[in-house]
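Notes for the one structure printed next.
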2 protein chains.
Amino acid sequence: MERKLSISGIYRLALYSRHLYSLNKRRDEYISSQELGDAIGHTATQVRKDLTCYGSIGEPGKGYKIEKLNAVLSSIFGRDKIKNVILVGVGNLGMALIAYKGFKLHQFRIIAAFDKDIRKIGRRIEDVLVYDIQDLKAVIDGMDAQIAILAVPPSSAQEVIDMLVSSGIKAILNFAPIKVNVPDNIKLQNVDMSIELDRLYYLLKNPF
Amino acid sequence: MERKLSISGIYRLALYSRHLYSLNKRRDEYISSQELGDAIGHTATQVRKDLTCYGSIGEPGKGYKIEKLNAVLSSIFGRDKIKNVILVGVGNLGMALIAYKGFKLHQFRIIAAFDKDIRKIGRRIEDVLVYDIQDLKAVIDGMDAQIAILAVPPSSAQEVIDMLVSSGIKAILNFAPIKVNVPDNIKLQNVDMSIELDRLYYLLKNPF
DNA sequence: TGGTGTGAACCGATTCACAGCA
DNA sequence: TGCTGTGAATCGGTTCACACCA
């Protein structure tokens with residue numbers, strides 16, 4: 001049980017886990033690092049390096065026992081339990097996120113939404129109730145939610161982040177295209193969709 | 001005009017560009033690598049290294065002339081012109097993307113949307129007309145669009161990608177959580193929102 | 001003095017090469 | 001023979017240290 005997994009290693013681990021999920025019903029008992037690598041677009045060596053972080057799961061000459069590997073990865077990503085998530089910002093993006101099937105598929109469940117717009121508060125979107133952002137702390141107090149998705153305009157992002165942190169949220173997925181600050185002990189992941197377009201445009205204009 | 005910019009370097013360059021935008025009206029004529037670095041969360045050295053890729057823009061003892069640096073970065077990211085983008089998949093996410101202000105802000109404009117659902121075809125969402133995906137090639141033939149945003153379910157992602165490629169699209173921003181294959185000359189950028197949650201969950205459970 | 005530009009050193013991640021086990 | 005596990009080599013990106021310029 002080493003502790004030597006790069007940031008992109010986590011990414012790959014999640015991809016391995018998903019791939020195993022997708023071939024759940026397959027008859028083969030084993031999968032090789034080569035096949036797993038091909039499936040997600042990485043080298044066999046890379047796969048083996050990543051996987052040895054969690055002990056010697058593979059068997060020389062045979063490969064990785066699918067059931068066993070699946071169990072290990074599922075445990076790492078908590079696939080066996082439902083993970084509660086809250087959403088702040090019920091605009092277009094927020095609503096799309098509530099409806100997004102991908103979260104449910106991986107056992108993430110949005111259990112509450114928050115907004116500051118009176119017209120939205122009290123509404124129910126796909127079973128998710130929208131609360132007043134002012135009641136954030138009170139509402140999530142009894143809920144076991146450590147992760148928040150932030151889909152508010154850039155102008156109020158930092159303010160809401162501070163509220164989340166003081167309400168006990170431990171990890172934030174931020175969609176606001178702005179640099180926000182969080183204390184060291186809070187995990188932050190930014191998704192900036194328009195900057196991805198910038199990158200594509202750059203690659204388009206600067207071929208190499 | 002070196003050609004030595006890492007993949008994350010492009011990212012940072014876009015951030016520099018945005019920061020300059022945000023202080024457009026500032027009186028200072030110059031900005032130092034230190035200040036620019038602080039603003040986006042990187043070191044001054046990193047900023048200087050990144051910027052020298054595009055020639056000696058800075059002035060020793062003074063810093064970078066904002067106007068000049070802004071012009072260089074704006075040119076790199078085509079901030080001066082409107083860039084046409086098409087969207088495929090008008091579900092919840094697709095609609096949210098059409099409404100997303102961030103794209104407009106950076107001069108990306110969605111000029112056409114496509115879906116295979118009869119009920120959606122012909123509708124107009126925020127000025128964007130939804131076409132039949134079957135008509136993809138014919139519709140975009142006269143349009144100057146090289147970038148596509150893909151927001152379809154995983155099951156049809158690869159099929160649509162192939163259509164996009166054969167219709168002349170050169171870069172794709174893919175929101176479908178699945179590994180898709182494109183020819184070498186096509187630029188691809190994946191955004192997988194649920195895998196970001198996986199990562200956050202991992203960081204939460206494996207503090208280091 | 002204050003700040004850029006840049007070769008050299010460093011460091012972390014990936015790849016190579018191969019020992020060892022079924 | 002086939003495939004894992006892993007030290008060693010390599011690669012690329014970041015940081016350091018400093019020459020140089022206003």
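Protein chains get the first letters and strands the later ones, always in sequence-line order, with residue 1 at the start of each. Model, not experiment: these values are computed from the prediction. Heavy-atom basis, side chains included; hydrogens, waters and symmetry copies ignored.
- Remark: C1' of dC11(C) and CD1 of Ile7(A) are 17 Å apart, rounded to the nearest angstrom.
- Using a 4.0 Å heavy-atom criterion, one finds that Ser32(A) contacts the sugar-phosphate atoms exclusively.
- Separating the NZ atom of Lys65(A) from the C1' atom of dT4(D) is a distance of 16 Å, rounded to the nearest angstrom.
- Between the side chain of Ser17(B) and the backbone N or O of Leu13(B) there is no donor-acceptor pair closer than 3.5 Å.
- As a whole-Å value, the separation of Ile66(B) CD1 from dT4(C) P is 12 Å.
- Across the protein-nucleic acid pair, Leu5(A) atom CG and dG12(C) atom P stand 15 Å apart, rounded to whole Å.
- Nucleic acid contact for Glu59(A): sugar-phosphate only, since backbone atoms but no base atoms lie under 4.0 Å from a heavy atom of the residue.
- When the side-chain nitrogen and oxygen atoms of Arg12(A) are compared with OP1 and OP2 of dA13(C), none of them lie within a distance under 4.0 Å.
- Atom-to-atom, OH of Tyr11(B) to P of dG13(D) comes out at 17 Å; the value is rounded to the nearest Å.
- Atom pair His42(B):NE2 and dG13(D):P shows a separation of 14 Å (rounding to whole Å applied).
- If you check the side chains of Tyr100(B) and Asn92(A), you find no donor sitting under 3.5 Å from an acceptor.
- Thr52(A) places no side-chain N or O within 3.5 Å of a backbone atom of Gly55(A) that could act as its donor or acceptor partner.
- Residue Gly63(A) is the one, among Gly63(A) and Thr43(B), whose nearest nucleotide of DNA chain D lies closer to the 5' end (criterion: closest heavy atom).
- Phosphate contact (OP1/OP2 of dG12(C), side-chain N/O of Ser6(A), threshold under 4.0 Å): absent.
- Taking side-chain N and O atoms only, Gln46(B) has a distance below 4.0 Å to OP1 or OP2 of dT15(D).
- Around NZ of Lys179(B), the count of heavy atoms belonging to other residues, nucleotides or ligands within 6.0 Å exceeds 12.
- Residue Ser56(B) is classed as a sugar-phosphate contact, given heavy-atom separations below 4.0 Å to backbone atoms only.
- Taking 3.5 Å as the limit, the base of dT15(C) and the side chain of Lys49(A) contain a donor-acceptor pair of atoms between them.
- Between Ile31(B) and Arg48(A), the one whose closest nucleotide on DNA chain C sits nearer the 5' end is Ile31(B).
- Shown are Leu150(B), Ile149(B), Ile140(B); of these, the side-chain contact (heavy atoms from CB on, under 4.5 Å) with Ile86(B) is made only by Ile140(B).
- Taking atom CG on Leu51(B) and atom C1' on dG3(C), their separation rounds to 13 Å, with Å as the unit.
- Atom pair Leu36(B):CG and dG3(C):P shows a separation of 13 Å (rounding to whole Å applied).
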